[in-house]
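Heads up, the thing below is written out as structure tokens.
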Amino acid sequence: MSHPDILLIGHVTRDLLSADPQSDYRVGGTVSFGAVTAARLGRAPTVITRAASSTDLSALPAEAEVLALPSPVTTTFANVYTEQGRAQCCHAQALPIRSSDIEGRLRRPRAVLLGPLVNEIGADVAGIFDDATLVVATPQGWMRRWDDAGRVYSKRWDDAGGILACLDVVVLSEEDIEHDLSRLDPFLERVPLVVVTESREGSTLYRRGGRGAIVKTRIPPRPAEEVDPTGAGDVFATAFMIRLEETGDPVESARFANIAASFGVEHVGMDGIPGRETILAYMQEHPFGVATGEP
């Protein structure tokens, strides 16, 4: 079999429809939103995940190659949105994904997104890919802890160095760092390009400039009527990765990803994730300027 186009690694999730652990669910997780995004952008996604055999994965696009490794349970979350932000509980965790789970042909994709949710991607995975592969990570799952009741909290990622050294891009949200920009320092020291998503405010690029200076570029948002913000960061990360692999232009890629995510939040679940033509048409109709400077 040929090498994959777009590779997505991480747990699919059962996203409960209420705070009740016994409620119905929708399939979610970074790799699920990423697979739909990639397919709607005309790319061919391959998903490596772990889930119980009883989990309904029919929401993943027919174009996706889904390699569902066995697990006694599927990672399960309840997301409750309030005026103070998202309250999240983790009710179950699938087994981890290791480098030994990823066969040789899968190690040379055009781009790979590491999307951990519960620290399930081992540190040995990030370094196995071909030098020509664009390696991107959304590190939220390495930056989480949860209490005995499953309530999820942010934490510092103290053992990040080995993984960060293997990455080309990190995409994370203000929420992941609890709005504390000083927590970006380990990323900025080791990764050439860091993108911070800022909900309704768009996103900001952090890139190394001359003499090691970090150049900050703010990317404006597309205004959206938010219905369901779940998965917006995953849509952004996948769209950004794909456009960066295609163009090599991080500013255009962030604008492209902002627009993709903004359309996505206007519908429930994955229904609103747009196609390429919709995004490019909006970009053409709404040219933009960016603000660049030192942080």
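Since we're looking at a predicted model, the values are computed, not measured. Hydrogens, waters and symmetry mates play no part in the numbers below; they use all other heavy atoms, side chains included.
A 4.5 Å side-chain heavy-atom check between Val136 and Leu167 finds every atom pair outside the cut-off. Taking the side chain as every heavy atom from C-beta outward, Val169 and Leu134 approach each other to under 4.5 Å. Annotation: side chain of Val251 is in contact with side chain of Thr217 (closest heavy-atom distance under 4.5 Å). Contact check for Ile121 versus Trp142: side-chain heavy atoms found under the 4.5 Å cut-off. Between Met143 and Leu172, some side-chain heavy-atom pair lies under the 4.5 Å cut-off. Counting only heavy atoms from C-beta outward, the side chains of Trp157 and Ile177 never approach each other to under 4.5 Å. Using a 4.5 Å heavy-atom threshold, the side chains of Met283 and Ile259 count as touching. In this structure, the side chains of Asp147 and Val152 stay at 4.5 Å or more apart for every pair of heavy atoms.
Pro96 meets the side chain to side chain contact (heavy atoms under 4.5 Å, CB included) test with Arg98; sequence neighbours excluded. In this structure, Ser54 has no side-chain hydrogen bond (donor to acceptor under 3.5 Å, both in side chains) partners at least two apart in sequence or on a different chain. The side-chain hydrogen bond (donor to acceptor under 3.5 Å, both in side chains) search around Ser203 returns Asn258, not counting sequence neighbours. Under the side-chain hydrogen bond (donor to acceptor under 3.5 Å, both in side chains) criterion, Ser154 pairs with Arg183, not counting sequence neighbours. The side chain to side chain contact (heavy atoms under 4.5 Å, CB included) check on Glu198 picks up Glu174, Val196, Glu201, Thr204, Arg218, with sequence neighbours excluded. Here Asp158 pairs with Arg156 under the side chain to side chain contact (heavy atoms under 4.5 Å, CB included) rule; sequence neighbours left out. Applying the side-chain hydrogen bond (donor to acceptor under 3.5 Å, both in side chains) test to Ser253 and every residue at least two apart in sequence or in another chain returns nothing. Applying the ring pair (Phe, Tyr, Trp, His ring centres under 6.0 Å) rule to His286 yields the partners Tyr282; only residues at least two apart in sequence or on another chain are considered.
The CG atom of Leu184 lies 5.5 Å from the OH atom of Tyr206; values are rounded to the nearest 0.5 Å. One finds the CZ atom of Arg190 at 11.5 Å from the CD1 atom of Ile163 (value rounded to the nearest 0.5 Å). Atom OH of Tyr25 is separated from atom OG1 of Thr13 by 10.0 Å, given to the nearest 0.5 angstrom. Arg151 CZ to Arg145 CZ: the interatomic distance, rounded to the nearest 0.5 Å, is 10.0 Å.
Residues Ser2 and Arg105 have side chains that never bring a donor and an acceptor to within less than 3.5 angstrom of each other. For the 3.5 Å distance criterion, the side chains of Thr133 and Asp130 fail to qualify, holding no donor opposite an acceptor.
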| side-chain hydrogen bond (donor to acceptor under 3.5 Å, both in side chains) between Thr75 and His11, worked out | CA-CA 7 Å; Thr75 296; His11 283 171; 2.7 Å; yes
| task | Begin with the C-alpha distance, continue with both residues' side-chain angles, and end with the deciding distance and a verdict on salt bridge (charged side-chain N to carboxylate O under 4.0 Å, His left out) for Asp56 and Arg14. | result | CA-CA 9 Å; Asp56 181 4; Arg14 297 168 71 253; over 6 Å; no
Give every donor-acceptor pair under 3.5 Å between a side-chain atom in residues 106-117 and any protein atom, sequence neighbours left out.
from   : atom 1 : to     : atom 2 : distance (Å)
Arg107 : NE     : Ile102 : O      : 2.9
Arg107 : NH2    : Ser99  : O      : 2.9
Arg107 : NH2    : Ile102 : O      : 2.9
Arg108 : NH1    : His3   : NE2    : 3.4

Taking distance alone, no hydrogens or angles, what donor-acceptor pairs closer than 3.5 Å link side-chain atoms of residues 232-242 to residues at least two apart or in another chain?
from   : atom 1 : to     : atom 2 : distance (Å)
Asp234 : OD1    : Thr30  : OG1    : 2.8
Thr238 : OG1    : Asp234 : O      : 2.9

Side-chain polar contacts of residues 263-274 - donor-acceptor pairs under 3.5 angstrom, sequence neighbours left out - could you list them?
from   : atom 1 : to     : atom 2 : distance (Å)
Glu266 : OE1    : Arg222 : NH2    : 3.4
Glu266 : OE2    : Glu225 : N      : 3.1

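The stretch residues 242-251 participates, sequence neighbours left out, in these side chain to side chain donor-acceptor pair (under 3.5 Å) pairs: Arg43-Glu245, Arg43-Glu246, Arg243-Glu246, Arg243-Glu252, Glu246-Arg276.
In this structure a side-chain-to-backbone donor-acceptor pair under 3.5 Å is present from Ser71 to Val73.
Listed here is the closest heavy atom pair of Phe187 and Pro139: CE2-CG, 4.2 Å.
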